[in-house]
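These notes concern the structure reproduced below.
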Protein chains: 2
Amino acid sequence: MLGSVVEDYLKGIYKLQQEHGRVPTSAVAQRVGVTDASATNMIKRLAELGLARHHPYRGVELTEAGEKVALEVIRHHRLIELYLKEALGYPWDQVDAEAERLEHHISEEFEDRIDAALGHPTVDPHGDPIPSKDGTVDDEYLPRLTDLQPGERAVIRRVSDRDAERLRYLAQLGLYPGVAVYLRERAPFNGPLFVRVGDTEHVLGHDLAATIGVEQRRDAEPAPAER
Amino acid sequence: MLGSVVEDYLKGIYKLQQEHGRVPTSAVAQRVGVTDASATNMIKRLAELGLARHHPYRGVELTEAGEKVALEVIRHHRLIELYLKEALGYPWDQVDAEAERLEHHISEEFEDRIDAALGHPTVDPHGDPIPSKDGTVDDEYLPRLTDLQPGERAVIRRVSDRDAERLRYLAQLGLYPGVAVYLRERAPFNGPLFVRVGDTEHVLGHDLAATIGVEQRRDAEPAPAER
DNA sequence: GGCTCTCTTTAGACGAGACTAAAGCTCGCC
DNA sequence: GGCGAGCTTTAGTCTCGTCTAAAGAGAGCC
């Protein structure tokens, strides 16, 4: 057993690594919520454990082993999130916080049982992919709502889970994975987007829209009623 | 938040206190799985936190506040045990270990939701009472199987959860809460008991039988088919 | 090529909690 | 009433993970 602190670092580094390859110490510190000095310290320990490679003054990378652990933690996290929502009726914006604590304390057995209860799902409530048990994820880049051109249609596939308040707002607007949207117009210079969901139109700030991953649809296709 | 170590001590002390009032340090140490010195140390800290009263060289008692915390932990534990069994199909002998870790990491919200999902239950899979949210338990003493006389009938109400192996054995024999039993005979000098369940008769060692709490039935009454 | 600004690392300390070894109480027994 | 045996407590360390303060690297800019 590794201790939940180590797991949190690994998870944090993994996620940062997704975005920018080698990760600076300060980014890890910020993500995990400790000082830079503490992060340096832990990074050195991770290196000793063979879970990361430390390139002094130039960041960290996970080793194979470290990545494996990170993916296990992420799998736990996302399975738990989905379970909370599906089996216990949690609202969308609360699952992340609860999963955050639980993810470090469940057994293999528990993991297997909720996985089975959910029918071996592949995505969590925010549309994030659930790593498989053997440590593989299909985490390809999705275009954002902001990548669409006016007149284009798409289905929401993924929404960042980093901010509960934002999730509540989006839920209120009916914007979550599986929902079909139509971009009517967009203001220039990263201005707001005018997005239709069914009959209603919403005005979304550019930054908010940029957190929404979508799958583009050909114009002709009727939006499938998923989920 | 108190940290799961403190919670474990409180839970341990509470349970020991049930049996023998003021609890010796060594008993706490043994229960929690640390040395006596460590237990003394922690007991002093609990006293500083106002959760226990330390009577040097003569044991510990919980304060009201300490007891309240202990009961919350126990409530979590037992709700989780039951949930694992009922909702996820865990076998009887595995729920304790899993609950042991989860009990310290669930939120009020989670507690409420599994409580509701289970229909606000009052006993866990071993027949142990689930403390109410406001911190009250109905934990009265039950006679043991060993208190019965030959020819008497009873319904099993409670089985100690302290040993998974024993639980597996009892489950195999069909001896769990809700099951009606009949004591055919008992050997003298704490010898084995001959117990009937339905059509089959089992021979139980005295010590094992002493861990089984029962509710006695008048002879005439047919054994109700509960659970 | 040297300066400076920023980021990173080192050094030293601290709080939790555990451990071992040694010293201190209690209490039963003679 | 005194003496051990057996608990308990104290004393001193250790590890983990964090922090602050201070020293060190790197990189852009002149």
Side-chain angles (χ1 to χ4, degrees), chain A residues 1-14 16-17 19-62 65-66 69-70 73 100-101 103-105, chain B residues 1-14 16-17 19-62 65-66 69-70 73 100-101 103-105:
Chain A
M1 201 59 204
L2 273 174
S4 59
V5 177
V6 168
E7 289 179 358
D8 271 337
Y9 274 93
L10 293 174
K11 185 174 86 167
I13 296 170
Y14 179 87
L16 292 166
Q17 201 169 257
E19 301 158 18
H20 329 84
R22 199 185 296 167
V23 179
T25 304
S26 53
V28 177
Q30 191 178 2
R31 179 107 194 177
V32 178
V34 298
T35 60
D36 292 3
S38 303
T40 299
N41 231 296
M42 180 53 102
I43 286 167
K44 282 167 66 177
R45 204 167 316 151
L46 294 179
E48 276 165 25
L49 291 170
L51 298 169
R53 271 180 293 275
H54 184 201
H55 308 284
Y57 291 101
R58 23 204 40 214
V60 223
E61 306 170 280
L62 296 186
V69 175
V73 177
E100 199 63 42
R101 274 165 297 124
E103 64 189 3
H104 306 295
H105 305 286
Chain B
M1 202 59 207
L2 272 174
S4 59
V5 177
V6 168
E7 288 179 359
D8 271 337
Y9 273 94
L10 292 173
K11 185 173 87 166
I13 296 170
Y14 178 87
L16 292 166
Q17 200 169 257
E19 299 159 19
H20 327 86
R22 200 185 295 168
V23 179
T25 304
S26 54
V28 177
Q30 191 179 4
R31 179 107 193 175
V32 179
V34 299
T35 61
D36 291 2
S38 303
T40 300
N41 231 295
M42 181 52 105
I43 287 167
K44 284 166 66 178
R45 203 169 314 150
L46 295 179
E48 277 165 25
L49 291 170
L51 298 169
R53 272 179 293 275
H54 185 203
H55 308 282
Y57 290 101
R58 23 204 41 216
V60 222
E61 305 171 280
L62 297 186
V69 174
V73 177
E100 199 63 42
R101 274 165 297 124
E103 64 189 2
H104 306 296
H105 305 287

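Letters go in sequence order (proteins before strands), and every chain restarts at 1. Side chains included, hydrogens not; waters and symmetry mates left out as well; all remaining heavy atoms used.
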How close or far is atom [atom2] of [N] from atom [atom1] of [X], stated in whole angstroms?
X     : N      : atom1 : atom2 : result
B/R58 : C/dG24 : CZ    : C1'   : 14 Å
B/Y57 : C/dC27 : OH    : P     : 12 Å
B/L46 : C/dA18 : CG    : P     : 10 Å
A/M42 : C/dT8  : CE    : P     : 18 Å
B/R22 : D/dC7  : CZ    : C1'   : 15 Å
B/E7  : C/dG17 : CD    : P     : 11 Å
B/Q30 : D/dT8  : CD    : C1'   : 15 Å
B/R45 : D/dT9  : CZ    : C1'   : 15 Å

Which comes earlier along DNA chain D counting from the 5' end, the contact point of B/D36 or that of B/N41, where each point is its nearest nucleotide?
B/D36

Relative to the 5' end of DNA chain D, which residue comes earlier, B/H55 or A/T35, by the nucleotide with the nearest heavy atom?
B/H55

Using a cut-off of strictly less than 4.0 Å, decide whether [X] has a side-chain nitrogen or oxygen near OP1 or OP2 of [N].
X     : N      : answer
A/H54 : C/dT9  : yes
A/K44 : C/dT8  : no
A/Y9  : D/dT18 : yes
A/S38 : D/dT18 : no

Closest heavy-atom pair and its distance - B/Y14, B/A70
CB-CB, 3.6 Å

For the side chain of [X], counting heavy atoms from C-beta on, which of [options] is nearest?
X     : options                : value
B/V6  : D/dT20, C/dT8, C/dG17  : C/dG17
B/V5  : C/dT9, D/dG17, C/dA18  : C/dA18
A/V34 : C/dA21, C/dT26, D/dT18 : D/dT18

Checking [X] side chain against [Y] main chain: does a donor-acceptor pair fall under 3.5 Å?
X      : Y      : value
B/S38  : B/V34  : no
A/R101 : B/H105 : yes
A/Q17  : A/L62  : yes

At under 4.0 Å between heavy atoms, what does A/S26 touch on the DNA or RNA strands: base, sugar-phosphate, or nothing?
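Contact class for A/S26: sugar-phosphate only.
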
Within the 4.0 Å heavy-atom criterion, would you say A/T25 contacts the bases, only the backbone, or no part of the nucleic acid?
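Sugar-phosphate only.
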
Taking atom CD as the centre, does B/Q30 end up with more than 12 heavy-atom neighbours from other residues, nucleotides or ligands that are less than 6.0 angstrom away?
no

